[in-house]
Amino acid sequence: MGRMSVEELPEYAERVLEVAELIPPGRVMTYGDVAEWLGEGGPRQVGRAMALYGGAVPWWRVVRADGTLLPGHELRALGHYRDEGTPLREAGRAAEGHVPKLDMRRARWDGTGGAHGESGAVGAVGAGREPRAGTHT
């Protein structure tokens, strides 16, 4: 793994990257979900950590809450999403560039269960994460 040594990487960014590596193929978390999981920072801090250091992890699995693909990286991300079977909503003909969006209702991962546990997993995102406390050291 060509990741930088811990000394070169700010502690918060290291923790953000660790969460990104936990997200199963075919699923995503928003910047805000990652911040909430860590209990520290917010979407902007997570986005900055991913922009600066995310190249060594599955960066395409940490996304904007509206499901739009990362500007400038849409085609690379789309290749990963198609390889992993990530749920997408095809763009309407009016959409600029006809780039699909992520189907956030189906793709979003709340940090529990298997990669494709379709048991309404998204409902748990942001809805009291107490049971998970201490399980992601």
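Closest non-hydrogen pair, A107 versus P87, comes out as CB-CD, 3.8 Å. Minimum heavy-atom separation, A13 to Y53: CB-CD1, 3.5 Å.
With hydrogens and angles disregarded, a donor-acceptor distance shorter than 3.5 Å links the side chain of E74 to the backbone of G72. Q45 contributes a side-chain N or O that, together with a main-chain N or O of G42, makes up a donor-acceptor pair within less than 3.5 Å. Between the side chain of R27 and the backbone N or O of R108 there is at least one donor-acceptor pair closer than 3.5 Å. Checking side-chain atoms of Y31 against main-chain N and O of M50 turns up no donor-acceptor pair under 3.5 Å.
Separating the CD atom in E84 from the CD1 atom in I23 is a distance of 10.0 Å, to the nearest 0.5 Å. T30 contributes atom OG1, which lies 11.5 Å from atom CG of L102 (distance to the nearest 0.5 angstrom). Taken from CZ in R64 to CG in L69, the straight-line distance is 9.5 Å, to the nearest 0.5 Å. T86 OG1 to H80 NE2: the interatomic distance, rounded to the nearest 0.5 Å, is 10.5 Å.
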Evaluation steps, side chain to side chain contact (heavy atoms under 4.5 Å, CB included), between L38 and Y12: CA-CA 9 Å; L38 293 172; Y12 183 75; 4.0 Å; yes

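Residues L78 and R82 have side chains in contact (heavy-atom distance under 4.5 Å, counting atoms from C-beta outward).
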